[in-house]
2 protein chains.
Amino acid sequence: MKLSTKGRYGLRAVLDLAVNYGQGQVSIRAIADRQKISEYYLEQLFKKLRKAGIVQSIRGAHGGYVLNRSPDEITAYEIIRILGETIEISECIEATTCSNIDSCATRPLWIRIKQSIDAVLKTTTLQDMVDDYKKITISKDGGQDE
Amino acid sequence: MKLSTKGRYGLRAVLDLAVNYGQGQVSIRAIADRQKISEYYLEQLFKKLRKAGIVQSIRGAHGGYVLNRSPDEITAYEIIRILGETIEISECIEATTCSNIDSCATRPLWIRIKQSIDAVLKTTTLQDMVDDYKKITISKDGGQDE
DNA sequence: TTTAATGTTGACAAAATTAGTCTGATTTCT
DNA sequence: AGAAATCAGACTAATTTTGTCAACATTAAA
Ligand code: FES
Ligand code: FES
């Protein structure tokens with residue numbers, strides 16, 4: 001069970017925007033460079049994020065993307081879902097029923113797992129993650145921003 | 001993010017054994033029938049379970065499989081891991097470090113998610129699941145065993 | 001007004017993983 | 001001997017994921 005790169009790359013990219021929140025737009029190329037992700041692939045992901053209203057695009061020369069809301073108002077859950085990542089574990093969990101529910105004793109377990117994952121994702125904002133991240137890097141190299 | 005059929009089918013199959021625990025061996029064909037899973041595919045899964053000592057095989061005519069331990073001593077976590085299912089979310093979580101950990105702010109999140117999944121799996125025994133299952137079916141059709 | 005940088009879109013291709021099947025052997029019971 | 005089952009490993013098919021590309025649209029700056 002692994003999150004696909006959609007979710008992993010996408011969240012890292014959005015986090016890059018969160019770190020730079022309030023300092024103007026960031027281009028896909030810059031993110032691709034920093035995060036070592038294909039520029040073309042990121043385009044796909046930002047398409048979804050823009051349609052969902054998470055980010056705003058600034059077109060033209062020196063354009064880029066900006067978060068539409070403050071990082072502490074965006075949860076990891078939103079991002080993951082928008083990127084098309086499903087936290088289903090088993091297909092029949094989101095549905096209210098399942099064709100062979102009578103011979104299946106695993107449903108309650110999958111549901112509990114899904115709930116515990118969702119709980120973590122929903123209570124984690126981008127700001128939380130940025131804070132954690134800064135704590136690590138600062139303790140390592142003495143800080144990089146003024 | 002989905003559990004592969006290895007984990008889903010495998011756990012259902014083992015649960016089938018757990019329901020019949022103490023009543024002798026169960027053949028793969030019987031499980032395949034009840035759970036609507038390919039007989040050949042199940043063979044693959046039981047191969048792993050046998051090597052890991054979860055089940056014991058009884059060869060020859062009227063053979064089958066039996067749980068090697070009591071259902072309340074086997075956790076869902078064990079089964080899932082033995083079947084080769086990884087609960088990694090991201091590749092670099094099990095490892096103590098990661099090549100681009102410096103530009104990645106998502107690690108703490110993935111770790112917390114993994115821990116919450118593991119917690120659920122480790123605290124759920126086959127017996128727990130059988131109990132849940134019986135509760136449902138009994139309330140539905142008035143019970144099926146004597 | 002031109003130019004260059006960037007976003008936008010949809011289609012496509014490559015790679016990896018998962019899922020499922022098959023054949024043949026061995027063992028044990030009747 | 002014959003039937004019913006496991007055991008082992010190879011093999012294929014299907015699906016999903018990942019990544020790439022080309023053509024176009026929009027805007028800012030020169
Ligand atoms: S297979 Fe659908 S609930 Fe288990
Ligand atoms: S990519 Fe390895 S820790 Fe995030």
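Keep in mind that what you see is a predicted model, and the values were worked out from it rather than measured.
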S.K.: For the CZ atom on Arg29(A), are there more than 12 heavy atoms of other groups (residues, nucleotides or ligands in this structure) within a distance under 6.0 Å?
M.R.: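 At most 12 heavy atoms, drawn from other residues, nucleotides or ligands, come within 6.0 Å of this atom.
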S.K.: Considering only dT6(D), dC7(D), dG7(C), which nucleotide approaches the side chain of Ser57(A) most closely?
M.R.: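 For Ser57(A), the side-chain atoms sit closest to dG7(C).
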S.K.: Looking at the side chain of Tyr40(A), which of dA29(D), dT20(D), dT27(C) is the nearest nucleotide?
M.R.: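 Given the options dA29(D), dT20(D), dT27(C), the side chain of Tyr40(A) is closest to dT20(D).
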S.K.: Could a donor-acceptor pair under 3.5 angstrom be found where the side chain of Lys47(A) meets the base of dG10(C)?
M.R.: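 Side chain to base: pair present.
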S.K.: What's Tyr65(B) touching, base or sugar-phosphate or nothing? Going by heavy atoms closer than 4.0 Å.
M.R.: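 Sugar-phosphate contact only.
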S.K.: What's the CZ-P distance between Arg50(A) and dG7(C), to the nearest Å?
M.R.: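 So the CZ-P distance, Arg50(A) to dG7(C), works out to 11 Å.
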S.K.: Whole-Å distance between dT6(D) C1' and Leu49(B) CG?
M.R.: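 So the two atoms are 14 Å apart, to the nearest Å.
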S.K.: In whole angstroms, how far is the P atom of dA5(D) from the CG atom of Asp33(B)?
M.R.: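 Taking CG of Asp33(B) and P of dA5(D), I get 11 Å after rounding.
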S.K.: Would you mind classifying the nucleic acid contact of Gly60(A) as base, sugar-phosphate or nothing, using non-hydrogen atoms under 4.0 angstrom?
M.R.: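 Base, at least one base heavy atom under 4.0 Å.
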S.K.: Determine whether the side chains of Thr106(B) and Tyr133(A) contain a donor N or O and an acceptor N or O closer than 3.5 Å.
M.R.: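 Note: Thr106(B) and Tyr133(A) side chains miss the donor-acceptor criterion.
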S.K.: At less than 4.0 Å, is any side-chain N or O atom of Ser27(A) found next to OP1 or OP2 of dA5(C)? Yes or no.
M.R.: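 For dA5(C), neither OP1 nor OP2 has a side-chain N or O of Ser27(A) closer than 4.0 Å.
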S.K.: For a quick test of reading the model: is some side-chain N or O of Ser4(B) closer than 4.0 Å to OP1 or OP2 of dT18(C)?
M.R.: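 For dT18(C), OP1/OP2 do not have a side-chain N/O of Ser4(B) under 4.0 Å.
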S.K.: Starting at CD of Gln56(B) and ending at P of dT6(D), how long is that distance when rounded to a whole Å?
M.R.: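 Spelled out: CD on Gln56(B) to P on dT6(D) is 14 Å.
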S.K.: Given dG20(C), dT18(C), dT18(D), which nucleotide is nearest the side-chain atoms of Lys6(B)?
M.R.: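 Among the listed nucleotides, the one closest to the side chain of Lys6(B) is dT18(C).
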S.K.: Could you work out which one of dA10(D), dT18(C), dT9(C) sits closest to the side chain of Gln44(B)?
M.R.: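 Within the option list, the nearest is dA10(D).
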S.K.: Between Arg29(A) and dA5(C), is there a contact of a side-chain N or O with OP1 or OP2 at under 4.0 Å?
M.R.: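 Checking dA5(C) against Arg29(A), no side-chain N or O comes under 4.0 Å of OP1 or OP2.
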S.K.: Would you mind telling me which of dC7(D), dG9(D), dA5(D) lies closest to the side-chain atoms of Arg59(B)?
M.R.: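 Comparing dC7(D), dG9(D), dA5(D) against the side chain of Arg59(B), the answer is dC7(D).
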S.K.: Pick from Thr124(B), Thr125(B), Asp131(B): which one makes a side-chain hydrogen bond (donor to acceptor under 3.5 Å, both in side chains) with Gln127(B)?
M.R.: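 For Gln127(B), the side-chain hydrogen bond (donor to acceptor under 3.5 Å, both in side chains) check succeeds only for Asp131(B).
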S.K.: Can you tell me how far C1' of dA25(D) sits from CD1 of Ile58(A), to the nearest Å?
M.R.: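 These atoms are roughly 17 Å apart.
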S.K.: Among the candidates dA11(C), dG9(D), dT18(C), find the nucleotide nearest to the side-chain atoms of Lys51(B).
M.R.: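 Selected nucleotide: dG9(D).
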S.K.: Starting at CD of Glu43(B) and ending at P of dC11(D), how long is that distance when rounded to a whole Å?
M.R.: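 The distance from CD of Glu43(B) to P of dC11(D) comes to 18 Å, rounded to the nearest Å.
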S.K.: If you look at every heavy atom in Gly24(A) and Val66(A), which pair is closest and at what distance?
M.R.: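 Minimum heavy-atom contact is C-CG2, 4.4 Å.
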S.K.: For the side chain of Tyr41(B), starting at C-beta, report the closest nucleotide among dC7(D), dA19(C), dG19(D).
M.R.: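 So the side chain of Tyr41(B) is nearest to dA19(C).
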S.K.: Map Ala61(B) and Ala61(A) onto DNA chain C by nearest heavy atom, then report which one ends up closer to the 5' terminus.
M.R.: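 Nearest-nucleotide comparison on DNA chain C picks Ala61(A).
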S.K.: Nearest-Å distance, CD (Gln25(A)) to C1' (dA28(D))?
M.R.: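 Gln25(A) atom CD is separated from dA28(D) atom C1' by 11 Å.
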S.K.: Using heavy atoms to find the nearest nucleotide of DNA chain C for Val26(A) and Met1(A) separately, return the residue whose nucleotide is more 5′.
M.R.: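 Nearest-nucleotide comparison on DNA chain C picks Val26(A).
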S.K.: Find out whether Ile80(A) and Lys6(A) are in side-chain contact, i.e. whether some heavy atom of one side chain is under 4.5 Å from a heavy atom of the other.
M.R.: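 The answer is no; the side chains never approach within 4.5 Å.
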S.K.: Would you indicate which nucleotide in dA4(D), dA29(D), dA19(C) comes nearest to any side-chain atom of His62(A)?
M.R.: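 My answer, after comparing the listed nucleotides, is dA29(D).
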S.K.: Provide, to the nearest angstrom, the distance between the CD1 atom belonging to Ile28(B) and the P atom belonging to dC22(C).
M.R.: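 Interatomic distance, CD1 of Ile28(B) to P of dC22(C): 16 Å.
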S.K.: Does Val14(B) belong to the same Ile/Leu/Val/Met/Phe/Trp/Tyr cluster as Ile58(B), with side-chain heavy atoms less than 4.5 Å apart forming each link?
M.R.: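 Each belongs to a different hydrophobic cluster.
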